[in-house]
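These notes are about the structure you will find just below.
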There are 2 protein chains.
Amino acid sequence: MGRTPGSPANREAILSAAKTYFERHGYEGSTIRGIADAAGVDPALLYHYFGSKDQLLVAALQLPVNPRDVVPELLAGGLDGIGERLLRRLLGVWGRDWAAGGPMIGLIRASATHDEAARLAREFFSREVMGRVAESLDMPQPRLRAALVGSQLMGLAMARFVIKLEPIASADPELLIACYAPTIQRYLTGPLPSDDRPLPPTRIGKGGHQ
Amino acid sequence: MGRTPGSPANREAILSAAKTYFERHGYEGSTIRGIADAAGVDPALLYHYFGSKDQLLVAALQLPVNPRDVVPELLAGGLDGIGERLLRRLLGVWGRDWAAGGPMIGLIRASATHDEAARLAREFFSREVMGRVAESLDMPQPRLRAALVGSQLMGLAMARFVIKLEPIASADPELLIACYAPTIQRYLTGPLPSDDRPLPPTRIGKGGHQ
DNA sequence: GTCTATACGTGGATAGAC
DNA sequence: GTCTATCCACGTATAGAC
């Protein structure tokens, strides 16, 4: 997608600093001045490049990998063991501690206090992730399934990186994979309750598309 | 435990307002002035009663039900169907929308940006919840099990109340119970990976107590 | 117990020189 | 493109009158 307008010396530094800053402190906890300091540039530059704190947030939280590519790639391997592959991939991206590259953590953190970040996360999840899954997953109620998966992954992220709940926080990735894979697998391919009994008027999975 | 010192007219109003305020806006998003306004009192009163914003937070986030009582109560019903009972109980407390009484949501929200809140959540979870579970649950690796449960519950809370991810956000509680109960049940009573293969030196469940 | 006034810092954002 | 200076709003917290 070409190059974003104006990518000289410091723009990347700002973006990189903003990424880890939002990741650790959330939205309100992050300050323009603080990010500027971390990037080693003048605060005014952030406005010059991004206009506002909000816009810096959305710029910083662009994911390094596009689910548009990843989701089909994971599904291409077949439904068997997809839970395990998904987890292994994700934990690889997140890293063990605060290695850069976990803007999703930043998004989660920011979502907790900042409404726009929550909206961002919601729309991203609904459109990019759940949409893709719904397209490719040959199962009833794909949106519900994707949301269930998302909820468990968010919980894992919270426990491991935000709350730092032991033993999850410092557990070996393989242990986490082994623990969570069956859950993810069931959410994606297992039986779901409303297969049996019809649902109250919450219109779920009705209409089939999206 | 008796009565906290100085419980006149407005103290309860402040506490109640602070509860819902932290619940919705997290820690940094909540302001002394805002809480005071919501409670209909003067900002200075908050300092008079609680001393600081931090102390107000810990006062406001005292859970209405004590896990010390709830955990044994749930376990008393036997291991069969404990996942479902746990979920039903929890969703009942949380309510459908922003009915007061969900300080746990506030704690989660605040934890995302405020380190002390995260520490609070961690210690509360480790000591109060996981400790109780470990005592009463006759299963190997009780701490890991409790943490897994916690992670899924946090994820559910995030999806339903913070990110508002559909269809989870507006789903009928019974649907959620049906979806999540098997997961919780497996985390509590199902087989866990490290029953088979020994773990890397992350010392989990080794030593047995706390 | 309750409120007014205020100190003091810090945050986001802008104007304009270089 | 980069930096200095600055505006202005709002945050926590305190002192002290009533």
Side-chain angles (χ1 to χ4, degrees), chain A residues 3-61 106 109-110 112-120, chain B residues 3-61 106 109-110 112-117 120:
Chain A
R3 180 176 75 185
T4 39
S7 295
N10 295 327
R11 195 176 188 275
E12 299 307 315
I14 294 173
L15 224 56
S16 162
K19 226 173 277 199
T20 69
Y21 219 101
F22 282 124
E23 200 170 310
R24 301 195 196 192
H25 306 106
Y27 183 78
E28 342 255 340
S30 302
T31 66
I32 295 284
R33 288 153 152 78
I35 295 171
D37 272 10
V41 303
D42 192 277
L45 267 192
L46 307 209
Y47 290 100
H48 186 235
Y49 284 123
F50 301 98
S52 79
K53 191 182 173 183
D54 272 1
Q55 292 173 50
L56 176 58
L57 177 76
V58 315
L61 293 187
R109 251 192 157 96
T113 47
H114 196 54
D115 276 349
E116 180 168 355
R119 192 179 50 74
L120 219 71
Chain B
R3 183 175 75 186
T4 38
S7 295
N10 296 328
R11 195 178 189 274
E12 299 307 315
I14 294 173
L15 224 57
S16 162
K19 226 174 277 199
T20 70
Y21 218 100
F22 281 125
E23 200 169 312
R24 301 196 195 191
H25 305 106
Y27 183 78
E28 343 255 340
S30 304
T31 66
I32 295 285
R33 289 171 178 15
I35 296 170
D37 271 9
V41 303
D42 191 275
L45 267 191
L46 308 209
Y47 290 100
H48 185 234
Y49 283 123
F50 301 98
S52 80
K53 191 182 173 184
D54 272 2
Q55 291 173 52
L56 176 58
L57 177 76
V58 315
L61 293 186
R109 252 195 155 93
T113 47
H114 196 54
D115 276 350
E116 181 169 355
L120 219 72

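Side chains included, hydrogens not; waters and symmetry mates left out as well; all remaining heavy atoms used. Given the structure is predicted, the values throughout are model-derived calculations rather than measurements. Chain letters run A, B, ... following the sequence lines, proteins first, then strands; residues in each count from 1.
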**Q.** Any B:N10 side-chain heavy atom under 4.5 Å of B:D42 side chain
**A.** no

**Q.** Each stem that DNA chain D is part of, given as range with range (3 or more consecutive Watson-Crick or G-U pairs, under 3.5 Å)
**A.** C:1-18 with D:1-18

Q. Counting distance only, does the side-chain N/O of A:S30 pair as donor-acceptor with the main-chain N or O of A:G26 below 3.5 Å?
A. yes

Q.
Minimum heavy-atom separation for A:H114 and A:D54, please, with both atom names.
A. NE2-OD1, 3.1 Å

Q.
Between B:L15 and B:Y49, is there a side-chain heavy-atom distance shorter than 4.5 Å?
A. no

Q | Heavy-atom donor-acceptor pair, A:R33 side chain to A:P43 backbone, under 3.5 Å | A | no

(Q) Go through it in stages, so that I can follow the logic: the residues are B:V41 and B:L46, the test is side-chain contact (heavy atoms from CB on, under 4.5 Å), and I'd like the CA-CA distance, side-chain angles, deciding distance and then a yes or no. (A) CA-CA 9 Å; B:V41 303; B:L46 308 209; 4.2 Å; yes

Q. To the nearest angstrom, how far is B:I35 atom CD1 from D:dT12 atom C1'?
A. 12 Å

Q) So B:V58 and B:F50, side-chain contact (heavy atoms from CB on, under 4.5 Å) or not? Walk me through it. A) CA-CA 10 Å; B:V58 315; B:F50 301 98; over 6 Å; no

**Q.** Sugar-phosphate or base contact per nucleotide [nucleotides 2-18 of chain C; S, B, -; heavy atom under 4.0 Å]
**A.** BBB------BBBB----

Q: Return the value, rounded to whole Å, for the distance between atom CZ of B:F50 and atom P of D:dT14.
A: 16 Å

Q) Do side-chain atoms of A:K53 reach the backbone of A:Y47 as a donor and acceptor pair under 3.5 angstrom? A) no

